[in-house]
Amino acid sequence: MKILITGGAGYIGSHVAKQLLETTGHQITILDNLSTGSTATLDTLKRIRDFTFVRLDLKEFDKVNILLQDNKFDVIIHFAASIVVPESVENPLKYYMNNTVNTTNLIRCATDAKVEKFIFSSTAATYGEPTEIPKNGIDENYPTNPINPYGMSKLMSERILQDTAQADPNFKYLIFRYFNVAGADINRVDGKLSPRIGQSFPNATHLIKIASECAVGKREKMAIFGDDYPTVDGTGVRDYIHVDDLADAHIKAIGYLDTDPSDIFNCGYGKGFSVKEVVETMKSATGTDFKVEIAKRRAGDPAILISDNSKIRTKMNWVPKYDDLGLICRSAYEWERK
Ligand code: UD1
């Protein structure tokens, strides 16, 4: 098959590209504007197996159209997007343009070029600030109600995909709503973790990335954003999923769409950890120590987000391999040490 990965030089896209290059014989094309994606990552991927790289911004509608017309891709896996929640509050139009408008055009080009499968990276931010977390976590039928433009830009793209598939029987989609993605390539050399790719996004805002930067000494200290939430220890609770397990779901999605209908799946482990628990795990799993301060709440942060992942487990037979917060922290730390 011919597969186009947009945002394939980025964090999650590169882990999906890695698995496709390593475990399948599909012909891979990566499209990336390299605004946050890294050329070093592309070089590493090239050492696994060759692929085509196209440096292009999705806002260049005509060029995207030509690329799709020329290549006749079977599958598009679409990651390219802006993802910083506070930035989306300050600059919503950037998010609606980069995420919703560019995705709409990509879908238009895809249907024009008769691409049959479209796999889309969405987010738990589409659920907004859940008023009450069901006992087994948030399932896919939980009402969506984004509280920031980032979440809304993704939810609008979801809807556009659904409407398009409704009108075009040859076009199928799979939407993944990611919970908190973390960690780096589980690659072992002489039995030791040695990630080849990881999160290189500059000016990180993600908890595990920041904690790993502290653990390796790139940052002197970090802040916990609020310790007065209604949670076990007052700090925010999230469902952290290892990026390789998430990538695996995308590979499964390609075969799944051969036989099954378009659908939406949560991607998480269905377990919550507080910020304090994550920080303690980073310290204990890596044998490091660093300074942590309590700061005020960060705008737009819900108290608790935990997935109900029974749908993806039962319908897609997805079985996570790295459901271990210590391993997630260690892989992030080993990547940061490189
Ligand atoms: C958010 C989005 C998620 C999106 C991701 C992309 C929501 C609800 N979630 O995840 O969908 O995919 O961004 O960027 O909008 N924290 C600290 N100190 C830090 C950093 C974080 O205490 O230095 C805390 C946060 O307050 C939060 C938790 O750690 O409670 C996780 O934060 P983060 O890693 O930034 O991810 P989310 O905001 O949950």
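Both backbone and side-chain heavy atoms feed into the values below; hydrogens, waters and symmetry mates do not. Whatever order the structure lists them in is the order used to number ligands and atoms, beginning at 1.
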Which protein N or O atoms sit under 3.5 Å from any N or O of ligand 1? Give atom names and distances.
from: ligand 1; atom 1: 11 (O); to: Thr123; atom 2: OG1; distance (Å): 2.3
from: ligand 1; atom 1: 12 (O); to: Tyr150; atom 2: OH; distance (Å): 3.4
from: ligand 1; atom 1: 14 (O); to: Ile83; atom 2: O; distance (Å): 2.7
from: ligand 1; atom 1: 14 (O); to: His206; atom 2: NE2; distance (Å): 2.8
from: ligand 1; atom 1: 18 (N); to: Ala223; atom 2: O; distance (Å): 2.8
from: ligand 1; atom 1: 22 (O); to: Phe225; atom 2: N; distance (Å): 2.9
from: ligand 1; atom 1: 26 (O); to: Asp301; atom 2: OD2; distance (Å): 2.5
from: ligand 1; atom 1: 32 (O); to: Arg298; atom 2: NH2; distance (Å): 3.4
from: ligand 1; atom 1: 34 (O); to: Leu207; atom 2: N; distance (Å): 2.8
from: ligand 1; atom 1: 35 (O); to: Thr205; atom 2: O; distance (Å): 3.3
from: ligand 1; atom 1: 35 (O); to: Arg298; atom 2: NH1; distance (Å): 3.4
from: ligand 1; atom 1: 35 (O); to: Arg298; atom 2: NH2; distance (Å): 2.8
from: ligand 1; atom 1: 36 (O); to: Asn180; atom 2: ND2; distance (Å): 3.0
from: ligand 1; atom 1: 38 (O); to: Arg298; atom 2: NH2; distance (Å): 2.9
from: ligand 1; atom 1: 39 (O); to: Asn180; atom 2: ND2; distance (Å): 2.9
from: ligand 1; atom 1: 39 (O); to: Arg238; atom 2: NE; distance (Å): 2.6

- Query: Quick one: does Arg238's side chain get under 4.5 Å of Leu305's, heavy atoms only?
  - Reply: yes
- Query: Among Leu67, Ile5, Leu106, whose side-chain contact (heavy atoms from CB on, under 4.5 Å) with Leu31 holds?
  - Reply: Leu67
- Are Asp43 and Arg47 ion-paired here, with the side-chain N under 4.0 Å from a carboxylate O? no
- Task: Specify whether His15 and Tyr11 have parallel, tilted or perpendicular ring planes, treating 30° as the upper limit for parallel and 60° as the lower limit for perpendicular.
- Result: perpendicular
- Query: Between Asp263 and Lys315, is there a side-chain N and carboxylate O pair less than 4.0 Å apart?
  - Reply: yes
Could you pull out all donor-acceptor pairs under 3.5 Å where a side-chain atom in residues 51-58 meets a protein atom, sequence neighbours excluded?
from: Asp57; atom 1: OD1; to: Lys59; atom 2: N; distance (Å): 2.9
from: Asp57; atom 1: OD2; to: Asn33; atom 2: ND2; distance (Å): 3.0

